[in-house]
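Residue numbers start from 1 in every chain, and the chains themselves are labelled A, B, ... in the order their sequence lines are given, proteins ahead of strands.
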There are 2 protein chains.
Amino acid sequence: MGRPRTFSETEALDAICASFWDQGYCATSLDDLTEATGLGKGSLYAAFGSKHDMFVQGLRLYCERMVAMATSFLHAPSGSALQRLEKYVQHLTREMQSPRGCLLSKAAAELGRQDDEVNAIISKTFEELGDQLVAAVRQAQREGDVPARLDARRSGLMLLAVIRGMEAMARGGTNGRSLGMIAQGALAPLRADT
Amino acid sequence: MGRPRTFSETEALDAICASFWDQGYCATSLDDLTEATGLGKGSLYAAFGSKHDMFVQGLRLYCERMVAMATSFLHAPSGSALQRLEKYVQHLTREMQSPRGCLLSKAAAELGRQDDEVNAIISKTFEELGDQLVAAVRQAQREGDVPARLDARRSGLMLLAVIRGMEAMARGGTNGRSLGMIAQGALAPLRADT
DNA sequence: CACGTTATTGACTATATGGTCCACTATCCG
DNA sequence: CGGATAGTGGACCATATAGTCAATAACGTG
């Protein structure tokens with residue numbers, strides 16, 4: 001009943017997400033968002049609520065995709081768990097060198113600790129990513145590729161920290177070679193001896 | 001000649017830096033800065049230039065202190081190089097759990113890649129911190145506490161990545177225990193076997 | 001003391017901002 | 001077809017913003 005939407009909500013959210021991703025929360029104005037989506041302010045507000053709501057929904061979408069990407073790599077049908085882990089880290093290393101960086105990190109830096117809603121999303125995403133990495137390490141241990149004496153939780157969380165740290169360094173201008181070296185340094189203890 | 005300053009430039013810059021640190025660049029208004037410093041807009045502009053200039057100068061101050069802190073830990077007169085490294089990591093782990101987080105990370109997230117001036121500061125700081133860590137690992141190798149087969153550069157850069165990653169995770173709500181675990185995971189390969 | 005010089009202050013400006021509102025429009029259903 | 005319902009877009013609003021400026025105040029010097 002009534003007039004139907006003339007736009008796809010997900011497409012609009014994509015555009016919103018991209019704007020925040022490029023410029024950050026505060027630096028993105030409503031006019032930027034109307035331009036990016038091609039919608040009027042009224043439509044935006046009717047569909048998504050306030051600017052803050054738009055950000056939260058965009059961030060949520062982004063984080064869901066991020067976690068889904070981790071799953072798709074770490075649960076891929078081919079290769080050993082260790083190989084999948086390596087592929088995943090390689091992929092992230094490549095991706096984080098794009099000028100956009102990672103919206104999750106940017107959101108955490110700009111609004112973390114100050115905004116409960118944003119904080120909840122970030123915290124949940126970190127947890128999910130961490131869990132997946134820990135599970136991958138554990139699986140690789142079962143497959144005998146990673147020494148059993150390593151604490152899987154410790155190794156998995158450390159991998160997450162290295163990945164997030166590489167992202168931060170990439171945004172600071174650290175070159176691809178150094179990033180690759182760091183990735184190797186993080187994976188080396190897993191492959192090592194025995 | 002002429003009327004002298006009624007305020008200390010460094011003190012004012014400290015207050016400016018603290019404001020940006022708490023709220024980020026964009027979210028800090030000039031009124032926030034006048035309130036934080038107790039100065040009028042005219043005085044601020046006369047002393048520091050534009051809002052952007054104030055940020056750059058505040059960030060520069062912050063980064064210099066950050067590097068100086070690294071030096072003071074890593075070149076402390078007592079203990080072995082490895083012990084100093086451990087103390088330094090411990091200290092950072094504690095510090096990053098404060099609600100403020102780290103201005104360097106925040107600046108990198110909010111303005112990195114978009115702002116040449118800011119980028120230069122960030123990039124230089126990362127480089128200096130990395131160099132210090134690499135040198136510390138190397139020294140620990142010379143002292144026989146870290147296996148010589150490890151690539152010092154790789155290990156040092158990885159330490160930097162872990163530290164930056166822990167900071168990002170701390171801002172996302174990761175608890176102190178997990179952070180400690182990560183720190184241990186990063187240091188373990190250094191202490192290890194032989 | 002008086003002058004030149006510099007610092008300080010806050011009123012002022014032009015603009016940009018997030019958000020609201022409403023006239024208008026397109027669709028569905030009876 | 002016609003009314004009820006929901007979507008659209010842009011004019012509009014109050015406010016906040018970065019930045020300017022001129023009047024005033026405090027110093028050193030001759």
In whole angstroms, the gap separating P of dC12(D) from CG of L30(A) amounts to 19 Å
CG of D14(B) to CD of E9(B), rounded to nearest 0.5 Å, is 12.0 Å
Note: chain B reaches DNA chain C at heavy-atom distances under 4.0 Å over the stretch, first to last nt, 5' to 3', of dG4(C) to dG10(C)
Between the side chains of E64(B) and R60(B), is the shortest nitrogen-to-carboxylate-oxygen separation below 4.0 Å, so that they form an ion pair? no
From CG of L33(B) across to P of dA16(D) the rounded distance in Å is 17 Å
Scanning both residues in full, the closest heavy-atom pair of A136(A) with L85(A) reads CB-CD1, 3.8 Å
Tightest non-hydrogen contact, residues Y62(A) and C17(A), listed as CB-SG, 4.0 Å
Does NZ or CZ of K106(B) lie under 6.0 Å from the centre of the six-membered ring of Y25(B), at an angle within 45° of the ring axis? no
What does T34(A) touch in the nucleic acid at a heavy-atom separation under 4.0 angstrom: a base, only the sugar-phosphate, or nothing?
nothing
Rounded to the nearest 0.5 angstrom, the CD-CZ distance for Q83(A) and F73(A) is 14.0 Å
What nitrogen or oxygen pairs link the protein and nucleotides 22-26 of chain D at under 3.5 Å?
| residue | atom | partner | partner atom | Å |
| --- | --- | --- | --- | --- |
| dA25(D) | N3 | R3(B) | NH1 | 3.1 |
| dA26(D) | O4' | R3(B) | NE | 3.4 |

Ordered by number, residues from residues 37-58 of chain A within less than 4.0 Å of DNA chain C (heavy atoms) are K41(A), G42(A), Y45(A), S50(A), K51(A)
In terms of heavy-atom contacts, A36(A) and A15(A) come closest through O-CB, 3.6 Å
CG of L190(A) to OG of S155(A), rounded to nearest 0.5 Å, is 5.5 Å
Scanning both residues in full, the closest heavy-atom pair of V162(A) with A186(A) reads CG1-CB, 3.7 Å
Flag the pair R191(A) and D145(A) as a salt bridge only when some basic side-chain nitrogen lies within less than 4.0 angstrom of an acidic carboxylate oxygen. no
